[in-house]
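First the structure, in the form of structure tokens, and then the observations on it.
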Amino acid sequence: MSKSYYLTTPIYYVNDKPHIGHAYTTLACDALARFKRLDGYDVMFLTGTDEHGQKVQKSAEDKGIDPKSFTDEVSQNFRDLTKTLGFTNDDFIRTTEDRHYAACQKLWQTLIDNGDIYLGSYAGWYAVRDEAFYAESEIKDGKAPSGAPVEWVEEPSYFFRLSAYQDKLLAHYENNPDFVAPKSRLNEVRSFVAGGLMDLSVSRASFSWGVPVPGDDAHVMYVWLDALTNYMTAAGYGQEGGEDQYAHRWPADLHMVGKDILRFHAVYWPAFLMAANLPLPKRVFAHGWWTNEGQKISKSLGNVIDPVEVANTYGLDQMRYFLLREVPFGNDGDFSRTAMMHRMNGDLANDLGNLSQRVLSMIFKNCEGVMPKCPAAHEDADLGLLNPLDNLLEGQRKHYDNQQFHEALKDIWDIVSAANRYVDDMAPWALRKTDLDRMADVLWTLAETLRQVAILIQPVMPEASANMLNQLGVAEDARGFEHLGADHRLEGGWAIEKPTPVFPRYVEEEGA
Ligand code: ME8
């Protein structure tokens, strides 16, 4: 069996319609999942919905529907979104599924057996919007640090002995400096833990929309303990016959999350797993947040961005490229029409689109519609383009393993720029009159560049790259990363169709 790569998105609360933030997290994972598949890994890419807790229960009540019917409906919207946006998740988990109850209850029982959960009572602040408990010292002007309103909660509660894990967590960060990325986020997590940890309330007794605590029906599990466990549920944990899958998949290679939910993934989750003597995920990456034309995105401001509308306006691949190229992954970013059009018309239509169209048109017109054959030898100018191209993959692997998607794209676009300079320098239109053989070699060198570029952009732009590879005449089974580099050249010798542009220019509508 080939090597496993298991990556996850957060599971989304079903209190709301999917928006650009959800699409962004899943998109980053989708690009990474596609990259790893093309690179020969046996990938499992998980997403899903987080359906319990007070927030969801309240949204259902506000709509006058029971929580189960409500979650069925909204969860379906999220599942539909994965299809509309072409995400390639291998599983879609819902926390209301039986398999998930089984996993949560097994983990709970293990924590009880190991003496890390005890019964007590909670009196303190709770923010329903964040589904999080906050210490008195964190509350300012009646609000949580996230700005969420808080309420005072007093109820019997089971507690997890989080305080016992401070040193172990700090040691884990120390010994595994890649466990949390980017680095600045690791520092935040480290100082939070170093500041001292209190035991964590892990059950609620004042409402019932959750996974029942084994042996005590008066309590449901705290929604974050329930939610985090999804990553193991889908890997077979607690499932009858799930042992082989669990052994193959767990620990996860990557949990991708937004910066707002890092504490849950980098502090609570590893502590639960340590307490259960289970392996920890290898890495947690916290990405930044998008604003809309400089403004915080919020329902009350009415500026929520619908990813389907963006994809319909600009194109799905264009949106994917923009989101992953515009912002250094990990930083916050601003979504603006101007920036979107700039990327679309600059990087895509002008730089890569024109290159592809020019090269294929010259081949179509000047080589009688036949793809030139791979030359027996290359001139220095050709090697100036081919050598860095042949060596791109190593750098791409590094960037994808560091989740630096913008760097990966930047490196590819350096080659695209070099290819554009090469066309101008070699002037194949002039060679047509003086040296047909050399013209064919130059056009072949450019077609080979387009082939490798198209193979490498498949994770980010699956449709446009397929279109390019179809037009070049590259077979579908010759598009994996094993076909990159000098040992697998574009052979040529086949007829090509009249080329059609890959990336349209975006022209703003009158009055838009
Ligand atoms: O937190 N820009 O779910 P969620 C970028 N159920 N990302 C954004 C964003 C924005 N403007 N707004 C939201 C939850 N997000 C829990 C997770 S996992 C065991 C449980 C991102 O639906 C946000 O950072 O509130 C988070 O990663 C994701 O959307 C899910 O948010």
Side-chain angles (χ1 to χ4, degrees), residues 7-29 46-57 59 71 74-75 77-78 81-82 92-96 100 103-104 107 127-132 144 146-148 185 210-211 221-235 252 254-270 272-273 281 284-301 303-307 310 319 322-324 326-327 329-336 403:
L7 79 169
T8 67
T9 73
I11 46 172
Y12 302 111
Y13 285 129
V14 288
N15 62 310
D16 215 350
K17 257 180 53 176
H19 61 68
I20 197 82
H22 305 118
Y24 183 51
T25 320
T26 313
L27 162 63
C29 288
L46 176 70
T47 188
T49 43
D50 188 355
E51 306 191 9
H52 292 128
Q54 242 177 316
K55 176 151 92 169
V56 170
Q57 181 172 334
S59 296
T71 55
V74 189
S75 176
N77 294 343
F78 277 90
L81 181 76
T82 64
F92 186 101
I93 190 166
R94 300 183 55 186
T95 54
T96 45
H100 183 62
C104 289
L107 179 62
V128 175
R129 198 174 88 190
D130 302 342
E131 295 284 16
S146 60
R185 299 274 170 223
V211 181
M221 290 182 201
Y222 172 39
V223 66
W224 270 101
L225 172 57
D226 154 358
L228 289 160
T229 306
N230 93 86
Y231 302 133
M232 288 208 299
T233 308
L254 177 72
H255 294 323
M256 179 72 78
V257 300
K259 62 180 183 178
D260 53 319
I261 55 173
L262 181 58
R263 186 185 291 186
F264 300 96
H265 285 83
V267 181
Y268 303 162
W269 180 228
F272 297 152
L273 292 171
V284 180
F285 190 102
H287 67 66
W289 271 44
W290 286 92
T291 49
N292 183 358
E293 306 282 349
Q295 268 192 325
K296 186 174 157 52
I297 296 177
S298 84
K299 254 204 296 198
S300 51
L301 288 174
N303 64 350
V304 173
I305 302 174
D306 174 357
V310 176
M319 173 177 89
F322 174 79
L323 291 174
L324 295 179
E326 183 67 5
V327 175
F329 198 71
N331 293 6
D332 291 337
D334 185 42
F335 194 98
S336 78
Q403 292 78 48

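For the single chain, residues carry numbers from 1 onward in sequence order. Because the structure is predicted, anything quoted here is derived from the model rather than measured. Note that ligands are numbered from 1 as they come in the structure, with each ligand's atoms numbered from 1 the same way.
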Practice task
Indicate, with yes or no, if the rings of Phe272 and Phe264 have centres closer together than 6.0 Å.
Solution key: no

Exercise for the section: Using non-hydrogen atoms of the residue, decide whether Met256 is closer than 4.0 angstrom to ligand 1. Expected result: no

Practice task
Write out the residue and atom name of the closest protein heavy atom to atom 22 (O) of ligand 1, then the distance separating them to 0.1 Å.
Solution key: Tyr13 N, 3.1 Å

Exercise for the section: Could you list the atoms of ligand 1 found under 4.0 angstrom from a heavy atom of His265? Expected result: 18 (S), 19 (C)

Handout entry: Atoms in ligand 1 with a heavy atom of Ala227 nearer than 4.0 Å
Key = 19 (C)

Problem - Pro10: numbered ligand 1 atoms lying under 4.0 Å from its heavy atoms - result: 17 (C), 18 (S), 27 (O)

Practice task
Report the distance from atom CG of Leu254 to atom OG1 of Thr8, rounding to the nearest 0.5 Å.
Solution key: 6.5 Å

Handout entry: Where ligand 1 meets Gly288 - atom numbers and elements under 4.0 angstrom, heavy-atom basis
Key = 5 (C)

Exercise for the section: Report the C-alpha distance between Glu51 and Arg94 in whole Å, list the side-chain angles of each, state the deciding distance to 0.1 Å, and finish with yes or no for salt bridge (Lys or Arg N to Asp or Glu O under 4.0 Å). Expected result: CA-CA 7 Å; Glu51 306 191 9; Arg94 300 183 55 186; 2.7 Å; yes

Problem - Proximal atoms of ligand 1 relative to Asp50 (non-hydrogen, under 4.0 Å) - result: 6 (N), 16 (C), 20 (C)

Completion exercise
The closest protein heavy-atom partner of atom 23 (C) of ligand 1 is Asp260 OD1, 3.4 Å

Completion exercise
For Tyr12, the atoms of ligand 1 under 4.0 Å from one of its heavy atoms are 22 (O), 28 (C), 30 (C)

Completion exercise
Taking only non-hydrogen atoms of His287 and a 4.0 Å limit, the atoms of ligand 1 in range are 5 (C), 7 (N)

Problem - Numbered atoms of ligand 1 (with element) below 4.0 Å of Gly258, judged on heavy atoms - result: 24 (O), 27 (O)

Problem - Nitrogen or oxygen atoms of Tyr231 and ligand 1 under 3.5 Å apart - result: no

Handout entry: Pair Ser59-Tyr13, side-chain donor/acceptor within less than 3.5 Å
Key = no

Handout entry: Phe78-Phe92 aromatic ring centre distance below 6.0 Å
Key = no

Completion exercise
min-distance protein heavy atom vs atom 11 (N) of ligand 1 -> Trp290 O, 3.2 Å

Practice task
Answer with yes or no whether Trp269 contacts ligand 1, where contact means a heavy atom under 4.0 Å from a ligand atom.
Solution key: no

Exercise for the section: For this output row, return yes or no: ring centroids of Trp224 and Tyr268 closer than 6.0 angstrom. Expected result: no

